[in-house]
Amino acid sequence: MKLSQKALKAINNPVTRRRLMDVLGCTEFTIARYIQKNSDNLTKAAALQVIREVTGLPDEEILEVEKR
C-alpha cells in the first residue's frame with residue numbers, strides 16, 4: 001500500500017515530519033525521502049496514527065492500493 005497524493009501533501013511540513021521522525025526513529029532527511037518516494041514505511045502503524053491525527057482524514061483517503 002502507498003499513501004494518497006492528498007495525504008502526502010498534508011504531511012509534507014516540518015511539524016508533521018518531526019512527529020514522524022519520533023515514531024519511526026529516523027532523521028528528517030529520511031522522512032523527506034520517504035515522502036518523496038511514497039515509501040511503504042509511511043504505512044507502518046505508528047506512522048499512520050500520526051497521519052490520522054494530523055490530517056483528520058479517514059483511511060480510505062490516506063491509503064491507496066498499488067496498481068500492478
Side-chain angles (χ1 to χ4, degrees):
M1 295 204 118
K2 298 281 185 189
L3 295 186
S4 68
Q5 290 303 308
K6 184 176 185 178
L8 288 170
K9 287 178 186 165
I11 65 171
N12 196 10
N13 62 71
V15 173
T16 305
R17 286 196 306 260
R18 219 165 284 121
R19 288 189 62 189
L20 290 168
M21 282 170 45
D22 292 341
V23 299
L24 294 176
C26 55
T27 66
E28 186 167 4
F29 177 80
T30 301
I31 295 296
R33 193 176 72 238
Y34 286 171
I35 292 170
Q36 181 183 14
K37 295 183 183 271
N38 199 354
S39 170
D40 60 0
N41 286 318
L42 295 172
T43 62
K44 291 183 178 179
L48 283 175
Q49 185 60 41
V50 169
I51 294 167
R52 284 185 201 105
E53 289 171 11
V54 168
T55 65
L57 296 171
D59 285 354
E60 299 80 38
E61 291 184 42
I62 293 172
L63 296 169
E64 60 183 35
V65 179
E66 291 182 68
K67 297 172 184 80
R68 293 181 185 232

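Computed from a predicted model, the values in this text were never measured in an experiment.
- For the residue pair Q5 and N38, the shortest heavy atom distance occurs at NE2-ND2, 4.4 Å.
- A donor-acceptor pair is defined here as one N or O able to donate and one able to accept, closer than 3.5 Å; such a pair exists between the side chain of S4 and the backbone of E61.
- The shortest heavy-atom contact between T43 and L3 is CG2-CD2, 4.2 Å.
- In summary, the side chains of N13 and T16 do present a donor paired with an acceptor at a separation below 3.5 Å, with no hydrogens or angles considered.
- Both L57 and V65 belong to a common hydrophobic cluster when Ile, Leu, Val, Met, Phe, Trp and Tyr are linked at side-chain heavy-atom distances under 4.5 angstrom.
- Taking all atoms of both residues into account, the shortest heavy-atom contact from L63 to M1 is CD1-SD, 4.0 Å.
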Result block: side-chain N/O donor-acceptor pairs under 3.5 angstrom for residues 18-26, not counting sequence neighbours:
unit_1, atom_1, unit_2, atom_2, d
R19, NH2, E53, OE1, 2.4

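- With rounding to the nearest 0.5 Å, the separation of CG in D59 from CG in L48 is 6.5 Å.
- The side-chain heavy atoms of L42 and L8, taken from C-beta on, include a pair separated by under 4.5 Å.
- Contact check for N12 versus Q36: no side-chain heavy atoms found under the 4.5 Å cut-off.
- Annotation for T27 and T30: closest pair OG1-OG1, 3.0 Å, computed over non-hydrogen atoms.
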